[in-house]
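To start, the structure under review is shown below, and the notes come after it.
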Amino acid sequence: MTWRFSWQKHLLPILVLFANSLVNLLYVSADVAQLGVMTSDYYVGLYLVASKVTAPLKQLLGAVIVPRLACLYGQKGGEFFQKLAQQIADLLVTLALPAACALFALGEEVVILTADLDFAPAAGAMKLLGLALVFSLLGWFYMAAVLVPARQEKVALLAISITSVVNICLNFLLIPAFKEAGAALATLLADLVNLSGLLLFGEKVGPPLAQREKLASRLLGCLYVTGSCWNLSVEVDGSKKGEIFVKNRQKALVKRHRLQYNVDIRLN
């Protein structure tokens, strides 16, 4: 161990990573902050309920990937790293697509299960965030597990900065009209922009995230998952328990319209 090292050589990459973390924090918290300023606490609560499921799911799917890939890149790099990164990307796509389809098909049931009947209107935002999970997870993987170990911190910083600006601008356009669903839609579009930018700027470093020969099987799997979840939703709605669920959901929607009416009256 030595305490003598050229700190000037490492200072700029550290500052870039620090700036990357700050911009990423801004990107994550922009939706809630803008919702709180432009609407009311009720819609902030709906959005937080919708994101309560997708955020831990994203962390779970990528729990051990980044440290292991970074270690292997430093040890072996080159072709071995490309091959392993491609395999992990394929695995993430295989897991994320069915999870997004399940959240899209069972959005209302998941909201009521994880929160309360009063938060049933958050289902729309959850469905959009479920779709955004695919782009968000792949973008996070490509940034943290491919570009950063390959010393492409500036590319990652540029991509997340553009994404943050796009997200904030879309929030200003969509939140006044669609409330929490507008914030979720802005996140979906911003994650798509982020992934596209990362693939565009870092295509020489990382592997492609989609293999055409495996795309058909994944789409068939998504159709199967979506059909199974919709069938489960219909069975639940057709039972006596489902009738109670529908009535409570209608009550929650009525309550939401009343709260929205009261908020509009106070704002005007």
Side-chain angles (χ1 to χ4, degrees), residues 14-67 92 96 99-100 103 107 110-111 114-115 119 122 124-148 152-176 178-199 201-202:
I14 291 174
L15 291 177
V16 172
L17 290 176
F18 178 69
N20 197 333
S21 300
L22 289 180
V23 176
N24 188 57
L25 179 61
L26 173 64
Y27 170 59
V28 172
S29 58
D31 293 339
V32 175
Q34 289 181 270
L35 267 175
V37 172
M38 302 172 68
T39 59
S40 64
D41 292 340
Y42 175 70
Y43 299 107
V44 175
L46 291 180
Y47 186 83
L48 290 177
V49 168
S51 61
K52 184 170 65 174
V53 175
T54 57
L57 189 59
K58 173 183 173 182
Q59 296 174 358
L60 177 64
L61 291 177
V64 197
I65 292 174
V66 174
L92 288 177
L103 286 177
V110 173
V111 168
T114 57
F119 292 95
M126 175 169 287
K127 292 179 180 181
L128 292 172
L129 291 177
L131 296 177
L133 175 67
V134 180
F135 305 114
S136 176
L137 183 63
L138 290 177
W140 167 82
F141 162 77
Y142 205 81
M143 178 185 298
V146 176
L147 293 181
V148 173
Q152 297 294 322
E153 303 93 350
K154 295 181 180 179
V155 174
L157 177 59
L158 177 61
I160 193 63
S161 300
I162 295 175
T163 304
S164 299
V165 173
V166 170
N167 185 42
I168 292 173
C169 294
L170 288 176
N171 280 335
F172 279 117
L173 295 175
L174 297 175
I175 286 178
F178 303 105
K179 303 299 186 296
E180 78 286 347
L185 179 58
T187 299
L188 171 61
L189 297 176
D191 286 335
L192 179 58
V193 170
N194 183 43
L195 180 59
S196 302
L198 290 172
L199 293 176
F201 294 136

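- Remark: Asn20 engages Met143, Ala156, Leu157, Ile160 in a side-chain contact (heavy atoms from CB on, under 4.5 Å) (not counting sequence neighbours).
- To the nearest 0.5 Å, the span separating OH on Tyr142 from CG on Leu137 amounts to 15.0 Å.
- Contact check for Ile175 versus Tyr43: no side-chain heavy atoms found under the 4.5 Å cut-off.
- Note that CG of Leu147 is 10.0 Å distant from CZ of Phe141, once rounded to the nearest 0.5 Å.
- Residues forming a side-chain hydrogen bond (donor to acceptor under 3.5 Å, both in side chains) with Gln34 (at least two apart in sequence, or on another chain): Asn171.
- Residues Gly130 and Ala100 approach most closely at O-CB, 3.0 Å, considering heavy atoms.
- Distance CE/Met126 to CG/Leu133: 11.0 Å, rounded to 0.5 Å.
- Of all heavy-atom pairs spanning Ala122 and Ala50, the tightest one is O-CB, 3.8 Å.
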Practice problem: I would like to know whether Phe172 and Ile168 meet side chain to side chain contact (heavy atoms under 4.5 Å, CB included); could you show each step before the answer? | Solution: CA-CA 6 Å; Phe172 279 117; Ile168 292 173; 3.6 Å; yes

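- The stretch residues 160-169 participates, sequence neighbours left out, in these side-chain hydrogen bond (donor to acceptor under 3.5 Å, both in side chains) pairs: Asp31-Asn167, Thr163-Asn194.
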Quiz prompt | From CA spacing to verdict: side-chain hydrogen bond (donor to acceptor under 3.5 Å, both in side chains), Tyr47, Thr39 | solution = CA-CA 12 Å; Tyr47 186 83; Thr39 59; over 6 Å; no

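- With sequence neighbours left out, Leu188 forms a side-chain contact (heavy atoms from CB on, under 4.5 Å) with Leu128, Leu131, Ala132, Phe135, Leu185.
- With sequence neighbours left out, Phe18 forms a side-chain contact (heavy atoms from CB on, under 4.5 Å) with Leu22.
- For the side-chain contact (heavy atoms from CB on, under 4.5 Å) test, residues two or more places apart in sequence or in another chain that qualify with Val28 are Asn24.
- Distance CG/Leu158 to CG/Leu198: 9.5 Å, rounded to 0.5 Å.
- Between the side chain of Ser40 and the backbone N or O of Gly36, no donor-acceptor pair lies under 3.5 Å.
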Practice problem: Evaluate the side chain to side chain contact (heavy atoms under 4.5 Å, CB included) criterion for residues Leu189 and Val166: first the C-alpha distance (whole Å), next the side-chain angles of each, then the deciding distance (0.1 Å), finally the verdict. | Solution: CA-CA 8 Å; Leu189 297 176; Val166 170; 5.8 Å; no

